[in-house]
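Just below is one structure, and these are the notes that go with it.
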Amino acid sequence: MRKLLLVFIVCLASFHQAYAEDEFGEEDDEFGDFYGSEDFVSIATGSKKSISKVPAIASVITSQQIQNMGATDLDEILETVPGLHVTRRSSSNSPIYVFRGVFTRFNPQVLMLINGIPVTNIFVGNRGQTWGGMPVDGISRIEIIRGPGSAIYGADAFSGIINIITKGSGELEGTEIGARVGSFNTKDAWFSTTGQFEGVSASAIYEYRKTDGHNELIQEDAQTRLDGIFGTSASLAPGPMVNFREQHDLRIEVKSDNIVFRAGLQEREVGTGAGIVEALSPSTIGASTRVNADISYQVPNLREDTGLQFQASYFSSTQEYKSDLILFPAGADIGFGAPFPDGVIGNPEVFERHYKSSAVYSYDVFQSHDIRIGAGYNFSEVYKVQESKNFALGPNGEFLTPGSPVVDVSDTPFVFLPERSRESYFVYAQDIWQLSNDWEITAGVRHDDYNDFGSTTNPRVALVWANSLNSTMKLLHGRAFRAPSFANLFNINNPAALGNPNLSPEKIATTELAWDYRVVSEVQAVISLFHYEWKDIILFVPDESLTATVAKNTGQNVGYGLEFEFKWTATEKFNISGNYSIQNSKNDQTDERVAQVPEWQLYLAADYDLTDFIHLNINLNHVANRSRSSSDLRSKIDDFSLVNLTLNWHSPNDKWKAGFSVRNLFDEDAREPTPNNGASVNIPHDLPLPGRNVYGEIAYKF
């Protein structure tokens, strides 16, 4: 509490000074500016719409807000969104985006888009096992929807959608170069440029990051527990987390009146965090290469009230290892009768690619109906699977005893995943019906048909009532689905988890009520209530006829909660914003709360222009009331409060800019919970988050 009090003393002191300076200045009429600058979002309907009237619970974060808060990675930005918590998985310290208590280990229930194109990996259904984060200097804005979106986007727009819009020629000016250095031996650099020639504009952005990552100690790991069982001493714990990361990001855009072409490359090399199987593995380096390209064509010279757009895209991603993936260290005994002198080694590598195409026809009927009809075809494939290992079954089905060399089982029946493809078709329709100046109904439905698990239909309906100039109310209902991943369907030769080709998709039905109210022109508040039922959850559960667990549709969760957000523009130079979220999610069969997710969160930020050229941001993120499962005997998970401070400066001609940021200002010992298997826990002291860390940056535009 002393830290919280100090933060708000600083904020109040800044406010008092800002108010005193503004009190005797010229009076501003901010009413028109406030409404004229309202954020717009496009992912809720497919066309731009003001955030207060969009038929969804949405948030928008701009590049200026990202710069103000001093974020250096996407996850730091997303943690500021109401109802969204970024927790961590021990494997590669990968993020888990928990919307409203919807939590699973691999997090396939969240759809991430880059410029409207999914970056979903079909192996496990998320962003990839070696996601490795995303830099922020090339981001123009981020649009987030909390709640279902399958009526527009199909699979995996389940608990939430994150659309990252990168900077293009319409936003970039000239050429900019920048660099950042900071804690954990972090070195960042970026370059952007744009130009125009005979009606064609083009832009390019390159970003580079290399960091050792935070290296807080893991006191005990999975091997510590095995050492206690088998009498070995192989564990590398206590030892530091391995959060090494090297990133290359390249974005290109070419645009004319009717055609937009985008392409991107993301290369990653990452450490294993606390270990792929929660046993420290400091020598292993995972890698990924992601390539995307898309082209959109707007048919010209149609009637003024109609539109026709075609889009095609390509996306590929890999999961690779630059060095052997050591699951358990040298000398480990995992119950095979003897220790493994070189450690337990397995190198599962997956290569996949996706082709998507769609057409959308829009028609504004009598200016009261905005109708959109779309159709498309998607083809995805795991086109190459490679695996080498020194345990379980070899290329001829022989049992690999401890001490066996690493052998290649690729292209044999004993690989961990068969090479497969997936085809799907979809059609959707949407009508935005302007009943009157104050009332609007959005209704839509999408049907998806898959060749490997069947078809699914997902509707939505939204009623938006602008009951006054400064007040809007929304009542929303929608359904969504999560497609079974290839690991869910086709895992084979896995001693722990086997796939099931008879799975159905997960389903969720969500009802929301929201009120967006401008108390006065300087104060905006939004309150949202939600309730969802999540059915046919895909879990790996024990099978009586097998020693492994098998993927099955089992379990049902119910969740409800409230989200409150506000912004107060106290003066021209000072504003305070924040949000508070509370949710309760539980297993409807056992009545047990969902473990590891926060019951409530608080985020507060104060922004103050110290001068015309210096901006101060201080923000607080408080995470509270995370529970453990009833079978987990550990003590309660501690709450935490992280405070960040950022100072930004720009020159009078905007050519130069510089920034200094301190994250976790008070060096809080914050941790994300680790799972348990009954009373046994691989990492009993949870996953530590970074301690205090600092960054300085400078950029020049010419």
Side-chain angles (χ1 to χ4, degrees), residues 102 104-112 118-129 148-159 161 315 317 350-358 374-383 385 415-428 445-460 478-494 497-510 532-541 543 546 548-557:
V102 175
T104 56
R105 181 184 176 194
F106 293 109
N107 198 213
Q109 293 83 10
V110 175
L111 179 64
M112 181 172 285
V119 291
T120 303
N121 161 304
I122 55 173
F123 170 38
V124 292
N126 59 13
R127 280 72 54 197
Q129 301 291 77
S150 288
I152 293 288
Y153 291 99
D156 311 324
F158 194 84
S159 62
I161 305 172
F315 173 67
S317 70
V350 180
F351 301 76
E352 57 181 76
R353 51 196 172 205
H354 308 252
Y355 305 87
K356 300 177 184 292
S357 60
S358 64
Y377 168 75
N378 301 330
F379 177 82
S380 303
E381 63 175 340
V382 171
Y383 67 92
V385 175
V415 74
F416 73 99
L417 184 76
E419 295 168 6
R420 300 289 295 256
S421 65
R422 167 179 285 174
E423 289 184 278
S424 66
Y425 302 83
F426 70 86
V427 293
Y428 78 87
V445 63
R446 172 164 161 157
H447 179 79
D448 291 80
D449 188 78
Y450 285 77
N451 69 326
D452 51 9
F453 65 82
S455 61
T456 176
T457 302
N458 294 272
R460 73 159 175 172
R479 298 181 183 179
F481 75 101
R482 194 275 276 190
S485 70
F486 277 21
N488 295 149
L489 293 168
F490 309 124
N491 253 13
I492 55 175
N493 301 316
N494 187 319
L498 297 175
N500 177 2
N502 298 314
L503 291 175
S504 300
E506 295 182 359
K507 306 175 185 69
I508 195 169
T510 304
Y532 63 78
E533 294 185 4
W534 175 16
K535 300 180 180 180
D536 293 331
I537 302 173
I538 298 174
L539 300 172
F540 285 92
V541 297
D543 190 292
L546 300 167
T549 60
V550 178
K552 293 183 180 180
N553 291 107
T554 182
Q556 174 176 314
N557 283 9

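The basis for the numbers below is simple: all heavy atoms, side chains too, and nothing from hydrogens, waters or symmetry mates. Nothing fancy with the numbering, it's 1 onward along the sequence. Model, not experiment: these values are computed from the prediction.
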*What pairs with Phe486 under ring-ring contact (aromatic ring centres under 6.0 Å, His included), at least two apart in sequence or on another chain?*
Phe490

*Apply side-chain contact (heavy atoms from CB on, under 4.5 Å) to the pair Thr456 and Phe481, showing each step before the final yes or no.*
CA-CA 8 Å; Thr456 176; Phe481 75 101; 3.6 Å; yes

*asked:* List the residues meeting side-chain hydrogen bond (donor to acceptor under 3.5 Å, both in side chains) with Tyr355, not counting sequence neighbours, and say none if there are none.
replied: none

*Output, in order, the C-alpha distance, side-chain angles, deciding distance and verdict of side-chain contact (heavy atoms from CB on, under 4.5 Å) for Asn500 and Phe540.*
CA-CA 10 Å; Asn500 177 2; Phe540 285 92; over 6 Å; no

_My understanding is that only residues two or more places apart in sequence, or in another chain, count here; which of them pass side-chain hydrogen bond (donor to acceptor under 3.5 Å, both in side chains) with Asp448?_
Arg446

*Residues in side-chain contact (heavy atoms from CB on, under 4.5 Å) contact with Leu539, at least two apart in sequence or another chain*: Ile537, Val541, Thr554

*Specify the closest pair of heavy atoms between Val550 and Gly499, including all atoms of both residues, with the distance to one decimal.*
CG1-O, 4.2 Å

_From CA spacing to verdict: side-chain contact (heavy atoms from CB on, under 4.5 Å), Glu423, Asn451_ = CA-CA 6 Å; Glu423 289 184 278; Asn451 69 326; 4.2 Å; yes

*Strictly by modelled atom types, are Gln109 and Thr104 linked by a side-chain donor-acceptor pair under 3.5 Å?*
yes

*Partner residues of Arg422 under the salt bridge (charged side-chain N to carboxylate O under 4.0 Å, His left out) criterion, sequence neighbours left out*: Asp452

*What pair of heavy atoms forms the shortest contact from Ala157 to Ala480, and how long is it?*
O-CB, 3.3 Å

*asked:* Taking side-chain contact (heavy atoms from CB on, under 4.5 Å) as the definition, give me every residue that meets it alongside Ala375, ordered by chain and number, with sequence neighbours left out.
replied: Val427

_Among residues at least two apart in sequence or on other chains, which ones pass side-chain hydrogen bond (donor to acceptor under 3.5 Å, both in side chains) with Arg353?_
Glu381

*Can you name the nearest heavy-atom pair linking Arg479 to Ser150, along with the distance?*
O-CB, 3.9 Å

*asked:* Quick check for you: to the nearest 0.5 Å, what is the distance between Gln129 atom CD and Ser317 atom OG?
replied: 10.5 Å

*For Ile538, all residues meeting side-chain contact (heavy atoms from CB on, under 4.5 Å), sequence neighbours excluded*: Arg482, Pro484, Asn488, Leu503, Glu506, Ala551, Asn553

*asked:* Holding to side-chain contact (heavy atoms from CB on, under 4.5 Å), I want the full list of residues that pass it with Asp449, two or more places apart in sequence or in another chain.
replied: His447, Ser455

*Flag side-chain contact, heavy atom, 4.5 Å: Ile508 against Tyr532*: yes

*Within the side chain of Asp156, is there an N or O that forms a donor-acceptor pair under 3.5 Å with the backbone of Ala483?*
yes

*Start with the C-alpha gap between Asn378 and Ser380, add the side-chain angles, then the distance that decides, and say whether side-chain hydrogen bond (donor to acceptor under 3.5 Å, both in side chains) holds.*
CA-CA 7 Å; Asn378 301 330; Ser380 303; over 6 Å; no

*Take Phe351 and Val385 through the test side-chain contact (heavy atoms from CB on, under 4.5 Å) and record every step on the way to the result.*
CA-CA 6 Å; Phe351 301 76; Val385 175; over 6 Å; no

_Contact between Arg460 and Ile152 at the side-chain level, heavy atoms closer than 4.5 Å - yes or no?_
yes

_Pairwise side-chain contact, Phe453 with Pro505, heavy-atom cut-off 4.5 Å (strictly under)_ = yes

Compile the donor-acceptor pairs under 3.5 Å between side chains in residues 119-127 and protein atoms, sequence neighbours left out, one pair per line.
residue: Asn121; atom: OD1; partner: Phe123; partner atom: N; Å: 2.7
residue: Asn121; atom: OD1; partner: Val124; partner atom: N; Å: 3.1
residue: Asn126; atom: OD1; partner: Gly128; partner atom: N; Å: 2.8
residue: Asn126; atom: ND2; partner: Phe106; partner atom: O; Å: 2.8
residue: Arg127; atom: NH1; partner: Asn107; partner atom: O; Å: 3.3
residue: Arg127; atom: NH2; partner: Asn107; partner atom: OD1; Å: 2.7

*Distance, nearest 0.5 Å, that separates CZ of Phe158 from CG of Asn458*: 9.5 Å

*With sequence neighbours excluded, tell me which residues meet side-chain hydrogen bond (donor to acceptor under 3.5 Å, both in side chains) with Asp536.*
Lys507

_Contacts of Tyr383 that satisfy ring-ring contact (aromatic ring centres under 6.0 Å, His included) - sequence neighbours left out_ = none

*Given side chains that start at C-beta, do those of Asn491 and Leu417 come closer than 4.5 Å, heavy atoms only?*
yes

